[in-house]
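Input: a single structure, listed below in structure tokens.
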Protein chains: 2
Amino acid sequence: MNDYIHKLKEHNLKVTPQRLGILSIIQKSGHISIEELYVAVRRDFSTISLATLYKNINFMVEVNLLKEVKIPNGKSKYEIVKEEHSHMICKKCSKLEDLELSLQSVVQTASKKSGYLFDDNALVLSGICPQCQ
Amino acid sequence: MNDYIHKLKEHNLKVTPQRLGILSIIQKSGHISIEELYVAVRRDFSTISLATLYKNINFMVEVNLLKEVKIPNGKSKYEIVKEEHSHMICKKCSKLEDLELSLQSVVQTASKKSGYLFDDNALVLSGICPQCQ
DNA sequence: TTACTAAAGGATAAAAATTATTATTAAGAT
DNA sequence: ATCTTAATAATAATTTTTATCCTTTAGTAA
Ligand SMILES: [Mn+2]
Ligand SMILES: [Mn+2]
Ligand SMILES: [Zn+2]
Ligand SMILES: [Zn+2]
């Protein structure tokens, strides 16, 4: 059936229709902001509370089911956690896309240079997408 | 004298004591959040309005005198614009540090792969700093 | 220097974003 | 079917950011 059920239970979160609805919309959209998400979720759950949405987003981020993507000069978007990846954003159309890119050598260089032990990274490249060029 | 005077005039912003104070504190601190900045600025300008602070930060970001650094799981910090660089943040002590690192080959690879034309990037590596290890 | 003008500052209200509270509902367990 | 606890909805409160409006001041030019 739905994989979210498993993921939720895995993290000791009860499986509610609201949570499944939220996750399904985030999945479908790829990346979505809180406001966009609220509008979308309300199409399925007209009475859902904004507080419920915030609480769930926060929970899910805490248990690593969701990830916040911070956008330069823009509002954060949320996505379902998957393999580590970077992002590209188009300055014209504001489209946000995934980018699979190995940062291994960069991270290794950084670690050697600084003495830090890194276990996470966030890279957003900004520019103009092919369609907008 | 002070280099900020030149930078402000360059961007058609009037040179006020408040602005010089704000810039001087940001410079000294390296990276600073709005709240921290407000506390610090009020030591020099006890009556400065929070609105003035926000307005100035926004202006200065717009004219590229300041840059906002968005931190994963944390509040944004601001810094004086300088050469392009990346950042490292320690998950234990929350210290934020600059990291000079060439992303040229990564950006080039990304561009080839995606067709985007990139002119900006934001990379934050998260981990444990040497002192906290 | 003085006077003028537009921009900037300060006080405050308003708006937007997020979190807290509390009574009701419902998921998961027995 | 019942029970217990967590989740939801409604709402208030808090926090963050922006707008308004009046006063002050920086920059300019007599
Ligand atoms: Mn993504
Ligand atoms: Mn920096
Ligand atoms: Zn585009
Ligand atoms: Zn540390």
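Sequence lines set the chain letters: A, B, ... in the order given, protein chains first and strands last, and positions in each chain run from 1. Not measured: the values here are computed from a predicted model.
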_Donor/acceptor link under 3.5 angstrom from A:Thr16 side chain onto base of D:dA7_ = no
Send over the distance from [X] [atom1] to [N] [atom2], rounded to a whole Å.
{"X": "A:His11", "N": "D:dA6", "atom1": "NE2", "atom2": "C1'", "result": "18 Å"}
{"X": "A:Gln18", "N": "C:dA26", "atom1": "CD", "atom2": "P", "result": "9 Å"}
{"X": "B:Lys55", "N": "D:dT25", "atom1": "NZ", "atom2": "P", "result": "15 Å"}
{"X": "B:Glu35", "N": "D:dT15", "atom1": "CD", "atom2": "P", "result": "12 Å"}
{"X": "B:Tyr78", "N": "D:dT16", "atom1": "OH", "atom2": "C1'", "result": "11 Å"}
{"X": "B:Arg19", "N": "C:dA7", "atom1": "CZ", "atom2": "P", "result": "11 Å"}
{"X": "B:Leu50", "N": "D:dT17", "atom1": "CG", "atom2": "P", "result": "9 Å"}
{"X": "A:Leu53", "N": "D:dA7", "atom1": "CG", "atom2": "P", "result": "15 Å"}

*Please figure out whether A:Ala51 or B:Lys14 has its closest DNA chain C nucleotide nearer the 5' end.*
B:Lys14
*Select base, sugar-phosphate, or nothing to describe what A:Ile48 touches, counting heavy atoms under 4.0 Å on all strands.*
sugar-phosphate
*What nucleic acid atoms does A:Thr52 come within less than 4.0 Å of, heavy atoms only: base, sugar-phosphate, or nothing?*
base
*Can we say A:Lys77 and A:Glu68 salt-bridge, meaning some charged N sits less than 4.0 Å from an Asp/Glu carboxylate O?*
no
*Do other residues, nucleotides or ligands put more than 12 heavy atoms under 6.0 Å from A:Lys95 NZ?*
yes
_Enclosure of A:Asp120 CG (heavy-atom neighbours >12, cutoff 6.0 Å)_ = yes
Within the pair [X] and [N], is there a side-chain N or O less than 4.0 Å away from OP1 or OP2?
{"X": "A:Asn56", "N": "D:dA7", "result": "no"}
{"X": "B:Thr47", "N": "C:dG10", "result": "yes"}
{"X": "A:Lys75", "N": "C:dA17", "result": "yes"}

_Given D:dT16, C:dA11, C:dT19, identify the nucleotide with an atom nearest to the side chain of A:Asn58._
C:dT19
*asked:* Of the listed nucleotides (C:dT19, D:dT17, D:dG27), which one gets closest to any side-chain atom of A:Tyr54?
replied: C:dT19
_Both B:Leu13 and A:Phe45 contact DNA chain D. Taking the nearest nucleotide for each, which residue is further toward the 5' end?_
A:Phe45
*Could you label the plane-to-plane angle of the A:Tyr116 and A:Phe118 rings as parallel, tilted or perpendicular, counting under 30° as parallel and over 60° as perpendicular?*
parallel
*Please answer whether the main-chain N or O of B:Ser86 pairs with a side-chain N or O of B:Glu100 as donor and acceptor at a distance below 3.5 Å.*
no
